[in-house]
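The structure appears below as structure tokens.
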Amino acid sequence: MSDTQTARPVSTLALPLAALGAGLIFGLGLVISDMINPAKVLNFLDVAGTWDPSLAFVMGGAMGVTALGYRLILPRGKPLFAGSFSLPTARQLDPRLIGGAALFGAGWGLAGFCPGPALSAAALGMGEVYIFLIAMLAGMGGWRWLVK
Amino acid sequence: MDAVTPFTPVSALIGGALIGLSAVWLMAANGRIAGISGITGGLIGPAVPDRLWRLAFVAGLIAAPLIVMLAAGPVEISIQAGPLTLIAAGLLVGAGTQMGSGCTSGHGVCGLSLFSPRSLASVAVFMAAGAATVFVTRHLIA
């Protein structure tokens with residue numbers, strides 16, 4: 001996939017450095033929006049209780065920028081540091097997509113963590129975060145091991 | 001237990017815009033979808049040739065709160081789940097995101113911005129499942 005992308009002489013450090021920057025900005029967004037806080041996420045999901053609609057505004061802000069940015073970038077044909085855009089090619093709504101989303105949603109509603117905020121929260125030094133992260137990585141690895 | 005959190009539309013929009021900026025930059029620079037479960041899953045699956053940028057992204061994600069703490073003081077979060085719930089939740093989130101090819105970032109932010117029908121279905125299902133789970137745990141068996 002990506003090992004054919006190094007045909008032109010871009011520094012091999014460009015991809016990781018660009019990704020580091022992207023991770024930093026993403027994490028900053030999670031902290032500023034307080035999406036790193038599971039209580040905030042659970043209250044968004046608690047429509048019948050202590051509802052906090054903030055998460056919808058995070059999604060709205062993120063999607064507004066992303067939809068606009070993608071429209072400007074994708075017509076350029078290729079990214080700065082790689083040979084091509086890696087875009088998802090699957091189109092069908094299969095049981096795996098729906099079943100996976102249902103399992104993910106259930107886990108998200110149990111603890112209030114999805115993968116991004118949980119990884120960012122690793123910086124806070126709380127035991128609960130590490131318990132969740134170890135289980136999450138085990139779940140990821142377990143599924144990949146089962147399927148491959 | 002279910003403590004109120006204040007509705008914060010302005011910081012939500014600003015933080016969201018930063019997440020969008022990150023997604024746009026990762027596509028513009030590396031040609032990649034900013035999907036955290038996909039980026040992370042690629043680190044623990046069978047050998048892949050592109051581990052370095054994935055590790056770098058995750059490192060940035062973890063470094064961000066550290067920088068905020070150094071610059072502006074403590075970042076405080078509230079985790080209400082106990083250890084067993086955290087383990088169950090982690091397993092479900094881990095397996096579910098790999099099975100369903102994405103999470104809040106990949107399907108949510110990036111997929112919806114590409115108007116992907118798969119992402120729209122995924123977001124509808126995980127939002128509904130999340131809300132249903134919270135309804136059960138907070139209002140039915142609490």
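Scanning all heavy atoms of the two residues, the minimum distance from A:A19 to B:W53 falls at CB-O, 3.2 Å. Here the closest heavy-atom approach between residue A:S86 and residue B:I33 is recorded as O-CG1, 4.0 Å. For the pair A:P115 and B:T97, the tightest heavy-atom approach, listed with the atom from each and the gap, is CG-CG2, 4.1 Å. For the residue pair B:T133 and A:A106, the shortest heavy atom distance occurs at OG1-CA, 3.3 Å. Scanning both residues, B:A63 and A:L24, for their nearest heavy atoms gives CB-CD2, 3.9 Å. In terms of heavy atoms, B:S113 sits closest to A:T66 at OG-CB, 3.3 Å.
When heavy atoms are compared at a cutoff of 4.5 Å, B:V68 approaches chain A solely by way of its side chain, counted from C-beta outward. Within the 4.5 angstrom heavy-atom criterion, only side-chain atoms of A:L74, from C-beta onward, approach chain B. With a 4.5 angstrom heavy-atom cutoff, A:M126 touches chain B only via side-chain atoms. If you measure heavy-atom distances from A:A56 to chain B, you find no contacts under 4.5 Å at all. In this structure, the portions of B:V109 lying under 4.5 Å from any heavy atom of chain A include both its backbone and its side chain. Using a 4.5 Å cut-off between heavy atoms, B:F7 contacts chain A through both its backbone and its side chain. There is no contact between A:R71 and chain B, counting heavy-atom distances below 4.5 Å. Only the side chain of A:I73 comes within contact range of chain B, with at least one heavy atom under 4.5 Å from a heavy atom of that chain. For A:M59, the part sitting under 4.5 Å from any heavy atom of chain B is the side chain, from C-beta outward, and nothing else. Looking at B:L43, neither its backbone nor its side chain comes within 4.5 Å of chain A, counting heavy atoms on both sides.
In this structure, the side chains of B:I36 and A:L119 come closer than 4.5 Å at one or more pairs of heavy atoms. With contacts defined as side-chain heavy-atom distances shorter than 4.5 Å, the pair B:R32/A:L15 does not qualify.
In terms of modelled atom types and a separation under 3.5 Å, the side chain of B:R118 and the main chain of A:Q92 share a donor-acceptor contact. Counting only distance, with no hydrogens or angles, the side chain of B:W25 and the backbone of A:A18 share a donor-acceptor pair below 3.5 Å. For B:R138 (side chain) and A:G49 (main-chain N/O), no donor-acceptor pair under 3.5 Å exists by modelled atom type. The closest donor-acceptor contact from the side chain of A:N43 to the backbone of B:A3 lies under 3.5 Å.
Put simply, of A:A67, A:G107, A:G27, the one with the most heavy-atom pairs under 4.5 Å next to chain B is A:G107. No other option in A:V47, A:I36, A:V129 has as many heavy-atom pairs under 4.5 Å with chain B as A:I36. Heavy-atom pairs under 4.5 Å with chain A were tallied for B:A124, B:G35, B:G42; the largest tally goes to B:G42. Annotation: maximal heavy-atom pairing with chain A below 4.5 Å, among B:L114, B:T137, B:T85, B:I14, occurs at B:L114. If you tally non-hydrogen atom pairs under 4.5 Å between each of A:G127, A:G21, A:S33 and chain B, the highest count goes to A:S33. By number of non-hydrogen pairs under 4.5 angstrom with chain A, the leading residue of B:G38, B:A29, B:A95, B:P83 is B:A29. Chain A forms the most heavy-atom pairs under 4.5 Å with one residue out of B:P74, B:C110, B:A89, and that residue is B:A89. Heavy-atom pairs under 4.5 Å with chain A peak, among B:V58, B:I67, B:T104, at B:T104. Ranked by heavy-atom pairs under 4.5 Å with chain A, the first of B:L18, B:V123, B:I77 is B:I77. Ranked by heavy-atom pairs shorter than 4.5 Å toward chain B, the options A:L17, A:L72, A:L42 are led by A:L42.
B:M69 CE to A:L124 CG: the interatomic distance, rounded to the nearest 0.5 Å, is 5.0 Å. Atom-to-atom distance recorded for B:L13:CG and A:F57:CZ is 6.5 Å, nearest 0.5 angstrom. Atom CG of residue B:L92 and atom CG of residue A:L110 lie 6.5 Å apart, to the nearest 0.5 angstrom. Within the model, atoms CG of A:L30 and OG of B:S105 stand 8.5 Å from one another, a figure rounded to the nearest 0.5 Å. How far CE of A:M140 is from CE of B:M99: 14.5 Å, rounded to the nearest 0.5 Å. Distance CE/A:M136 to OG1/B:T40: 5.5 Å, rounded to 0.5 Å.
Taken together through direct or relayed side-chain contacts under 4.5 Å among Ile, Leu, Val, Met, Phe, Trp and Tyr, A:I134 and A:L103 form parts of separate hydrophobic clusters. Note: the hydrophobic cluster containing A:L133 also contains A:I131 (ILVMFWY, side chain heavy atoms under 4.5 Å, direct or indirect links). Note: the hydrophobic cluster containing A:M63 also contains B:F126 (ILVMFWY, side chain heavy atoms under 4.5 Å, direct or indirect links). At a threshold of 4.5 Å between side-chain heavy atoms, the hydrophobic network of Ile, Leu, Val, Met, Phe, Trp and Tyr places B:L21 and A:F26 in one connected group. Criterion: ILVMFWY side-chain heavy atoms under 4.5 Å apart, direct or through other members. Under it, B:V24 and A:I25 are not part of a common hydrophobic cluster.
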* In sequence, state the C-alpha distance, the side-chain angles, and the governing distance for A:V58 and B:I19, and then conclude on side chain to side chain contact (heavy atoms under 4.5 Å, CB included). => CA-CA 8 Å; A:V58 180; B:I19 291 169; 4.0 Å; yes

* Tell me, with the steps shown, if B:E76 and A:N37 meet side chain to side chain contact (heavy atoms under 4.5 Å, CB included). => CA-CA 8 Å; B:E76 284 176 13; A:N37 184 2; over 6 Å; no

* Check against side chain to side chain contact (heavy atoms under 4.5 Å, CB included), A:F132 and B:V93 -> CA-CA 9 Å; A:F132 178 89; B:V93 168; 3.9 Å; yes

* To do: Verify side chain to side chain contact (heavy atoms under 4.5 Å, CB included) between B:M127 and A:F44, making sure each step is shown before the conclusion.
  => CA-CA 10 Å; B:M127 288 276 179; A:F44 172 75; 3.7 Å; yes

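Every residue meeting the side-chain hydrogen bond (donor to acceptor under 3.5 Å, both in side chains) condition with B:T8, not counting sequence neighbours, appears here in chain and number order: A:K40, A:S54.
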